[in-house]
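What you see is a predicted model; the values in this text were computed from it and never measured.
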There are 2 protein chains.
Amino acid sequence: MKVAGTSAPPETAPPETAPAASRPGLRELKKQRTRDLLLRSALELFTERGYEETTVDDIAEAADVSQRTFFRYFASKEDAAFFVSRLAESRFVEAVHARPPEEAPLDALRLALAASWSTIGEAVEQLVPLELHMRFYRVIESTPALLAAHLRRATELEEEIARVVAGREGLDLDADPRPRVVVAVFGAVMRVTERIWSARDDASLAALRDLTADYLDHVAPALTGNWRSSET
Amino acid sequence: MKVAGTSAPPETAPPETAPAASRPGLRELKKQRTRDLLLRSALELFTERGYEETTVDDIAEAADVSQRTFFRYFASKEDAAFFVSRLAESRFVEAVHARPPEEAPLDALRLALAASWSTIGEAVEQLVPLELHMRFYRVIESTPALLAAHLRRATELEEEIARVVAGREGLDLDADPRPRVVVAVFGAVMRVTERIWSARDDASLAALRDLTADYLDHVAPALTGNWRSSET
DNA sequence: AGGCTAATGACAGCCGCTGACAGTTGACAA
DNA sequence: TTGTCAACTGTCAGCGGCTGTCATTAGCCT
């Protein structure tokens with residue numbers, strides 16, 4: 001039986017890193033460096049050997065710290081794996097917020113996505129090479145445990161976005177099914193796209209962007225009646 | 001690093017149980033009983049104490065076998081948790097297969113679902129009390145690790161159904177995005193429904209059935225333009 | 001009855017993860 | 001500068017999920 005720890009685990013983002021901006025300080029700098037090093041070491045090992053084949057000890061050793069220290073920076077091995085993704089997702093959420101409220105919900109989501117690609121790319125690059133992050137997506141798709149975690153995180157993100165959409169439209173999220181339904185549909189198409197993309201050769205962000213745009217165009221036609229009477 | 005075992009793990013369904021039908025035999029009978037007992041013990045403990053709070057040792061002890069034996073029947077703790085779900089899902093897949101090919105894809109999925117509820121209920125009851133299975137759904141929704149696994153399994157199921165849909169329509173699954181898109185949309189609505197349902201009081205199968213039907217009616221309206229100009 | 005083989009239990013060990021404790025090292029004031 | 005405090009870290013021990021190994025048990029078949 002696992003009990004809730006008395007100490008505060010990092011979970012998603014270390015809250016104590018906040019005052020770093022005011023005045024870095026040698027201590028904060030070292031922490032930042034250790035975390036970045038752990039992060040890069042982890043992603044590199046994951047993409048080279050595979051996620052399951054990489055032990056936390058391997059990562060810690062690559063970053064010259066103890067295994068215990070790894071777990072002081074990341075709540076779990078999985079937490080480290082999705083650290084960069086969290087950044088990217090928050091950019092998308094911001095983009096949705098920024099959409100003018102007169103746009104229809106599904107359009108707003110599409111346009112927010114289109115607008116945030118470059119921002120996402122830049123944000124990722126601050127942390128790790130963009131190409132490394134993109135390659136890691138293939139590891140996610142091909143590793144059951146990671147894919148499962150990815151999907152769960154995706155639904156959490158969808159809930160957050162559904163709240164934004166409901167707010168835009170002035171609706172009660174629990175009374176009206178439509179916000180969650182549109183967002184779920186949007187998310188579903190995104191995940192189908194990710195999957196197809198990760199199975200292909202071109203692992204670039206541009207390829208993902210284009211494929212996503214293409215698939216989103218097929219949502220409406222795919223839902224209407226008889227496919228055989230209309231052209232592809 | 002985990003290595004692939006030399007022995008064959010059960011994974012999803014024990015393949016050696018196949019010849020049981022020809023002539024049960026005392027051996028097969030005992031195996032069946034042990035597996036059923038492990039399954040029920042697991043689900044009961046999961047719903048009573050929670051999934052994380054139940055160790056495999058607890059389950060094994062409740063079924064009077066060693067922990068090692070548990071892992072001979074189920075590939076993992078998670079595998080046991082979803083054993084019943086697998087049964088239910090296979091019934092749904094069969095129902096999709098049975099739909100007349102002239103129905104539009106989304107209609108076929110809806111009608112297959114509507115047609116399979118009772119079949120699913122019966123199939124589940126063969127294995128464990130239906131009410132136990134329904135209660136366990138709430139555990140799934142409230143346990144991150146289980147929810148993640150559930151979502152991953154759901155996407156695998158969607159891939160299978162997408163193949164069926166593509167077959168019905170005579171399309172190449174990898175060339176035409178529409179089969180995967182409809183199925184993904186359908187699945188997305190299903191998961192939203194499950195979530196809402198599990199948060200409510202009425203944990204009955206009938207409640208899930210009605211809620212699902214209701215939400216599926218909202219798919220088309222939710223995707224079209226301006227919500228404020230049309231009624232809820 | 002006796003041999004064959006599947007099923008089981010007992011044991012050891014890996015890996016993810018956590019609590020506890022002690023040692024080290026920046027931060028900050030006297 | 002120096003001393004104190006708090007933060008960061010390493011070490012160690014231990015739990016739970018999971019697997020390989022091997023000896024033992026128990027159904028099956030002649």
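For A:Arg180 and A:Glu158, the salt-bridge test fails: no basic side-chain N is under 4.0 Å from an acidic carboxylate O.
Residue B:Arg27 is the one, among B:Arg27 and B:Val65, whose nearest nucleotide of DNA chain C lies closer to the 5' end (criterion: closest heavy atom).
Between the side chains of B:Ser66 and B:Thr69, at least one donor N or O sits under 3.5 Å from an acceptor N or O. Counted by atom type alone, A:Asp202 and A:Ser204 present one or more donor-acceptor pairs between their side chains at under 3.5 Å. Side-chain contact, B:Asp79 with B:Ser76: no donor N or O sits under 3.5 Å from an acceptor N or O.
Rounding to whole angstrom units, NZ of residue A:Lys77 and P of C:dC15 are separated by 10 Å. As rounded to whole Å, 15 Å separates atom P of C:dA7 from atom CZ of B:Arg33. Following rounding to the nearest Å, B:Gln67 (CD) and C:dC11 (P) show an atom-to-atom distance of 13 Å. As a whole-Å value, the separation of A:Phe70 CZ from C:dC15 P is 15 Å. As rounded to whole Å, 17 Å separates atom P of C:dA7 from atom CG of B:Leu37. In this entry the distance linking CZ of A:Arg72 with C1' of C:dT18 reads 10 Å, nearest Å. In this structure, CG of A:Asp64 is placed 19 Å from P of D:dC8, rounded to the nearest angstrom. Between A:Leu146 atom CG and C:dG16 atom C1' there is a gap of 14 Å when expressed in whole angstrom units.
Not a single donor-acceptor pair under 3.5 Å links the side chain of A:Asp36 to the backbone N or O of A:Arg33.
In the set D:dG20, C:dG16, C:dT18, the nucleotide with an atom closest to the side chain of B:Arg68 is D:dG20.
Contact annotation: A:Ser66 side-chain N/O to D:dT11 OP1/OP2 distance is not under 4.0 Å. Remark: A:Lys31 is in phosphate contact with D:dC8, judged by side-chain N or O atoms under 4.0 Å from OP1 or OP2. Under 4.0 angstrom from either OP1 or OP2 of C:dT8 there lies at least one side-chain N or O belonging to B:Tyr73. For A:Lys30, a side-chain nitrogen or oxygen approaches OP1 or OP2 of C:dG26 to under 4.0 Å.
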